[in-house]
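Below you'll find the structure, written out as structure tokens, and then a few comments.
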Amino acid sequence: MKKVHIKSLVSTVVVVLFVCVAVWYVAANYDDFARIAITNPLMLIPAALFVLINIYGAGVVIDLAVEPHGVKLSRKEAFGLAAITRFSNQFSPSYINATIRATYLKRTYGITYAKFSSSFLISSLLQFMVTGAMILITFLAMNNLSTVNTPLIAIGVALLIFVVILYIPLGKVIKFLNKKMDRGNKISHLYGRLSDMLVGYETVRKHPGLFSRTFIQMVINIIALALVYFTLFEALGIHTTILQTMFIASFTNWSVLFSVTPGNLGVREGLMVVSAGIAGVSIPATLLVAIMIRLITFAISGGLATYYTPLILNKSLFNLRSK
């Protein structure tokens, strides 16, 4: 079975499973859902603003990792690409976002896919490290060490693995790949691409100020997303704390690790439910907030993508995947 068919099958299974579980849960807890309503609609306004900030900030994190390769996007490009990729994510797994961005950078600035891959990998590692640290910090601020459970332990272990990957020496690996590439065998081009990616990886991670700037931007992104959750819970009349919503926001950022469905449908909601349960937040309200976020994100990113796609990619939004 072809790889693309396997991915499609897994995506379909996850979505169908999520829909079945969601329908069952709503039916089993109908009374709880029936009691929830939008009691403070004005809170939807700041929620939309924070969604906009989060959309832009998520793109900036990747843009920062591309700067070591000599590319600094204008604000129009950065904002436009962030909107376009976020909107495309509503219909496809997250890696499509990277494909769109990589294609734009190659066509406009000549950045090779290998160099972009190195930037994307480091930006992803930094995002997981920062959000992972925020998960542990916010959890410990709400609880204590004796209440740490399996999901938190798994995140702690993953965090250590990401740190090792980020700082692992690559000099000998690059020399080995270069020797293999010089032999001119059938797969020498593969060794060459891997070598280029690792050289780019070294360039990016040694760039002055990259880690600190990415850290600051990631914290801003998490706060913005936490405020999205906070304001939407308030719109439903559910009172939470910033610590609780920061924990949920940090936790759900890890849904990118399991990007097998369009917009991480089912995966993101699952992580929201798990984190809400750990943080002591109403699960029925959390599921409604998840739906509200998708609707708000779809409306904002869709409107912006409709405007920016012709300006930046020189094509219609409805023809986004064409060459």
Side-chain angles (χ1 to χ4, degrees), residues 48-109 111 113 115-131 204 207 209-228 249-250 252-256 259 262-264 268 293-294 296-315 317 320-321:
L49 175 61
F50 293 130
V51 166
L52 186 62
I53 294 173
N54 181 257
I55 289 174
Y56 175 67
V60 169
V61 170
I62 301 177
D63 296 338
L64 286 174
V66 176
E67 285 188 15
H69 297 307
V71 174
K72 185 173 179 61
L73 299 180
S74 67
R75 290 189 177 182
K76 184 183 80 171
E77 288 176 302
F79 193 55
L81 280 175
I84 293 167
T85 53
R86 180 63 67 91
F87 184 67
S88 68
N89 179 234
Q90 308 303 306
F91 309 98
S92 57
S94 294
Y95 60 81
I96 298 298
N97 300 353
T99 302
I100 294 173
R101 192 178 290 271
T103 301
Y104 175 80
L105 291 173
K106 182 175 177 60
R107 290 178 178 177
T108 308
Y109 295 100
I111 297 296
Y113 292 128
K115 287 183 177 180
F116 175 79
S117 296
S118 66
S119 296
F120 185 74
L121 177 58
I122 285 189
S123 68
S124 298
L125 286 172
L126 291 175
Q127 289 183 67
F128 291 134
M129 287 170 60
V130 174
T131 52
V204 174
H207 191 70
L210 174 65
F211 288 5
S212 60
R213 292 170 66 196
T214 302
F215 172 79
I216 293 171
Q217 185 60 54
M218 273 304 304
V219 171
I220 293 173
N221 293 353
I222 294 171
I223 292 174
L225 185 57
L227 289 173
V228 172
S250 301
T252 52
N253 262 294
W254 280 49
S255 63
V256 179
S259 179
N264 291 333
R268 188 175 185 84
I293 288 177
R294 287 195 178 275
I296 293 173
T297 302
F298 178 84
I300 293 176
S301 62
L304 291 172
T306 302
Y307 173 76
Y308 278 109
T309 301
L311 291 178
I312 294 179
L313 302 183
N314 297 317
K315 60 179 66 180
L317 176 62
L320 190 57
R321 292 186 184 182

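As a basis for the values below, the full set of heavy atoms in this structure was taken, side chains included, without hydrogen atoms, waters or symmetry mates.
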Rounded to the nearest 0.5 Å, what separation is found between the CG atom of Leu227 and the CD1 atom of Ile223? 7.5 Å
What are the two closest non-hydrogen atoms of Pro68 and Leu64, and how far apart are they? CD-O, 3.4 Å
Thr103: which of Thr99, Leu105, Ile100 passes side-chain contact (heavy atoms from CB on, under 4.5 Å): Thr99
Rounded to the nearest 0.5 Å, how far does CD1 of Ile296 lie from CG of Leu49? 11.5 Å
Supply the atom-to-atom distance Phe50 CZ to Ile55 CD1, rounded to the nearest 0.5 angstrom. 14.0 Å
Taking all heavy atoms of Ala65 and all of Ser123, pick out the closest pair and write down the distance. CB-CB, 3.9 Å
Closest non-hydrogen atom pair between Val204 and Leu210, with its separation: O-CD2, 3.1 Å
Not counting sequence neighbours, which residues clear side chain to side chain donor-acceptor pair (under 3.5 Å) with His69? List them please. Ser118, Ser119
Name the residue from Ile53, Leu52, Val60 that meets the side-chain contact (heavy atoms from CB on, under 4.5 Å) definition with Tyr56. Val60
Taking the six-membered ring for Trp, are Phe298 and Phe87 parallel (under 30°), tilted (30 to 60°) or perpendicular (over 60°)? tilted
Atom OH of residue position Tyr109 - does it have more than 12 heavy atoms of other residues, nucleotides or ligands inside 6.0 Å? yes
Return the minimal non-hydrogen interatomic distance between Ser88 and Thr85, and the atom names on each side. OG-O, 2.8 Å
Can a donor-acceptor pair be found, under 3.5 Å and without considering hydrogens, that links the side chain of Asn54 to the backbone of Asn221? yes
Which residue, Arg75, Arg101, Lys72, forms the salt bridge (charged side-chain N to carboxylate O under 4.0 Å, His left out) with Asp63? Arg101
Donor-acceptor pair, side chain of Ser212 and main chain of Gly209, under 3.5 angstrom: yes
Say you draw a straight line from CG of Leu126 to OG1 of Thr131; how long is it, rounded to the nearest 0.5 Å? 10.5 Å
Report the residue from Ile84, Ile312, Ile111 that forms a side-chain contact (heavy atoms from CB on, under 4.5 Å) with Tyr104. Ile312
For the CZ atom on Phe211, are there more than 12 heavy atoms of other groups (residues, nucleotides or ligands in this structure) within a distance under 6.0 Å? yes
Is the number of heavy atoms from other residues, nucleotides or ligands under 6.0 Å of Lys106 NZ greater than 12? yes
Leu225 side chain near Thr252 side chain, heavy-atom distance below 4.5 Å: yes
Partner residues of Ala58 under the side-chain contact (heavy atoms from CB on, under 4.5 Å) criterion, sequence neighbours left out: Arg86
For the atom pair OG1 (Thr306) and CG (Leu311), what is the distance rounded to the nearest 0.5 Å? 11.5 Å
What pair of heavy atoms forms the shortest contact from Ala82 to Gly59, and how long is it? CB-CA, 4.2 Å
Nearest heavy-atom neighbours spanning Ala102 and Phe116: CB-CD2, 3.4 Å
